[in-house]
Number of protein chains: 2
Amino acid sequence: MAHKLDIHSDELDSRARDVLREIVIQHVSTGEAVSSRSLSKSGRFNLSPASLRNVMADLEDLGYLQHPHTSAGRVPTDRGYRFFIDYLMHSRSLPRHDREVIDEEVSHTTEIDEVLHLASRLLSRLSDQVGLVFMPTLLQFAIRSMDFVLVAENKIMCVIVGTNGVVVNKIVETRLVFARDELDKISRFISIEFAGLTLDAIRRRLIRMTEEERALHDRMLQRTIALGIEAVNDVTPVEHDLYVEGAESILSKPEFSDAVSLRKTFLALQEKEKLIDIMNSCLAEDGLQILIGGESDFTQIHNFGIVARSYGSHNSRLGIVGIIGPMRMEYARMAPLVNYLGRALSRKIEEEREQP
Amino acid sequence: MAHKLDIHSDELDSRARDVLREIVIQHVSTGEAVSSRSLSKSGRFNLSPASLRNVMADLEDLGYLQHPHTSAGRVPTDRGYRFFIDYLMHSRSLPRHDREVIDEEVSHTTEIDEVLHLASRLLSRLSDQVGLVFMPTLLQFAIRSMDFVLVAENKIMCVIVGTNGVVVNKIVETRLVFARDELDKISRFISIEFAGLTLDAIRRRLIRMTEEERALHDRMLQRTIALGIEAVNDVTPVEHDLYVEGAESILSKPEFSDAVSLRKTFLALQEKEKLIDIMNSCLAEDGLQILIGGESDFTQIHNFGIVARSYGSHNSRLGIVGIIGPMRMEYARMAPLVNYLGRALSRKIEEEREQP
DNA sequence: TTTAGCACTCAGAGGCCGAGAGTGCTAAGG
DNA sequence: CCTTAGCACTCTCGGCCTCTGAGTGCTAAA
């Protein structure tokens, strides 16, 4: 990960680490810049403000802290947060109450879309940030069935069900004309023939089939292949695959009280394509990830923080859950929350997949 | 309409009307309060500022204008805008360029969802406001076909196609277990039996059928009815039915430059349910409608204006297209735009319905 | 009925001041 | 050598004042 390259845990001695930790904690909880005096008064150090100031000055030189202006206290930089997250934070386990809420609500929902939507609402509610849940298409996942429904003479709706229970539908326009009976047959054929393969594999296989001998003579098979290829092409993620919930909660944060950052926030949350990009980039990595705004290439989220994690089964990552909020947020609280929800979601999907 | 009750076109003499018109026009174009001096300099009146001040004072007494403070000019009130819109505005016809853009782009799209999405983008782009397109469920419209697809053992996806080309799908959970073959038969049966009826009518008919003699003996029919009723129940409008496009354009308007109104705007556009309510209330009326924020019951949109119009065929209103922006907007330009787009959309849908 | 003239009001910008918060540095003390 | 008290310095913020420009309302004359 690029952002970690230049940070080493041994760059700071024990005292500096303690000070940095305390500054992050205080700043996160109050929202104000932290002064040497308030640090000293915190009781965690038996040092005078003056001594602490020395440490703080060092931390500033190393790029972990910054000064809004001369007579303000210090505020953590991106780098400061990063160090805190990587080396200083001890994330508590999720409060019992939150766990219960999650388990309870998740167990009452079955439809996968609803579960995802619920997840985003839960994240938002329990974190008081914006909840994000992303469900990419099932291109990389195996399908269970594929059905074709006549919608108009030259339009056919293709309903693809993944082994993970996700349902995608897509309307295919075709020059060929199909009758209902024929579509039923094709549906059955494809579902039997290709169940368990990924869309990608199906596409390759279909293309290979066009050259096989039997396809040359079997008109029905030709038509099946033609339709199948159409259906499998371009199953792209749509806006709808991203659930963004609780935008209002972010508005009340003091960092967004001025018009300018409010506008930026508005735009950032509006541009779902960009958010999808970000989520997709998270999908590449395993486990819990914390993104500090400035580190990422996505300038839209410059002063945001994202805590995200993939969900899905052991070896296939299905999608991403996470929260987005101001950089100043309680990462130690968010981390277990996102983690727990990700696991709950994975479990849920696993169940749904096995049980029916 | 409640808001018109207390406004009569003859309440103002010719001079007052001219002054009110000019004030609205100037205020809309500059965004500033209009002073007697700038009115006089406009050249449209051969009167001194002093005389105009008298007229303005009268207009203020009657509630058409207001004073932000003593030494500001005058600004139209809700009532002022309403009078302007009802009696003073001559809406120009839509510029040729805009018409061409609309015709061009609409003709290149066929899928109904895409057409609607396109429409909202076009509205936003051409108006520089927020474009809204609302497509309620097809509950009140006739269906062309209804197909059932097995998604999991106890889950069936129901794909309903309206005669208007709208496709809705819904997942039905059922205790009964259906095989693919059976579902195919049921699909065929229902589509033939009920084509041309509205969902409402279908529901009523299904319920009546449960008591008919043949249903008592025909197990297959019983199952068909059970499934059908499930499918027809609760086809509710979803968030997705509302396209809101171009939120960013509204952010640059000077009236939303401060944090407070920015936040309100954000929330108003976020709450899609409320927007759907508003759109639905527009659906009740025919022709072009202009809503001035303060008049409506929806306090969220207090200082917004909405220009909207239903689209659809001669006797069935399918949905609503419109724009929403600050109250201060060029209604005379918006009206023909929304109108034209509404007509284009109706035509398009009509075509699609007949042709296939 | 119109208009010139004038007094009056008010918002907004700019400048000034004092209070408060914090820092950096230095020098003395353990 | 580390710690700390002391002090000068810097900067923000809020209050207060003033000045200016814009615009009005009213009155009296044309």
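Below, chain A is the first sequence line, B the second, and so on; all start at residue 1. Side chains are part of it too, since the values below use all heavy atoms of this structure and drop only hydrogens, waters and symmetry mates.
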Revision key, fill the gap. From NE2 of His67(B) across to C1' of dG23(D) the rounded distance in Å is 7 Å

Exercise for review: Could you check Arg17(B), His27(B), Arg44(B) and say which one makes a side-chain hydrogen bond (donor to acceptor under 3.5 Å, both in side chains) with Glu22(B)?
Suggested key: Arg44(B)

Point to revise | Nearest-neighbour nucleotide for the Thr70(A) side chain, dT10(D), dA4(C), dC10(C) considered | key: dT10(D)

Practice item. Take the protein atom CZ of Phe45(B) and the nucleotide atom P of dT1(C), then report the distance between them rounded to whole Å. Key: 18 Å

Study note, to complete from the structure: On a heavy-atom basis, the closest approach of Arg263(B) and Leu262(A) is N-CD2, 3.9 Å

Review point. Counting only side-chain N and O atoms of Ser71(B), is one of them less than 4.0 Å from OP1 or OP2 of dC10(C)?
Key: no

Review point. So which nucleotide from dT23(C), dA4(C), dT24(D) ends up closest to the side chain of Ser48(B)?
Key: dA4(C)

Check your understanding: Does Arg74(B) make a side-chain N or O approach to OP1 or OP2 of dG25(D) shorter than 4.0 Å?
Key -> yes

Exercise for review: Return the value, rounded to whole Å, for the distance between atom CG of Leu52(A) and atom P of dC25(C).
Suggested key: 16 Å

Review point. So, for Phe304(A) and Phe256(A), is the gap between ring centers shorter than 6.0 Å?
Key: yes

Exercise for review: Take the protein atom NE2 of His69(A) and the nucleotide atom C1' of dC13(D), then report the distance between them rounded to whole Å.
Suggested key: 9 Å

Point to revise | Atom-to-atom span, CD of Glu32(B) to C1' of dG23(D) - whole angstrom | key: 13 Å

Practice item. Between Pro68(B) and Leu47(B), just flag the one whose closest nucleotide in DNA chain C comes earlier from the 5' side. Key: Leu47(B)

Exercise for review: Give the nucleotide from the list dA4(C), dG22(C), dC10(C) with an atom nearest to the side chain of Ala50(B).
Suggested key: dA4(C)

Revision key, fill the gap. Taken to the nearest whole Å, CG/Asn54(B) to P/dG5(C) is 17 Å

Practice item. Among Phe84(A), Tyr87(A), Phe83(A), find the residue that satisfies the ring-ring contact (aromatic ring centres under 6.0 Å, His included) test when tested with Tyr64(A). Key: Phe83(A)

Check your understanding: More than 12 heavy atoms of other residues, nucleotides or ligands under 6.0 Å from CG of Asn46(A): is that the case?
Key -> no

Check your understanding: Below 4.0 angstrom from OP1 or OP2 of dT4(D), is there any side-chain N or O of Ser51(A)?
Key -> yes

Check your understanding: Would you say dA4(C) has OP1 or OP2 under 4.0 Å from some side-chain N or O of Arg53(B)?
Key -> no

Point to revise | Nearest-Å distance for atom pair CG/P, residues Asp58(A) and dT3(D) | key: 12 Å

Practice item. Starting from C1' on dT3(C), measure out to CZ on Arg37(B) and report it in whole angstrom. Key: 15 Å

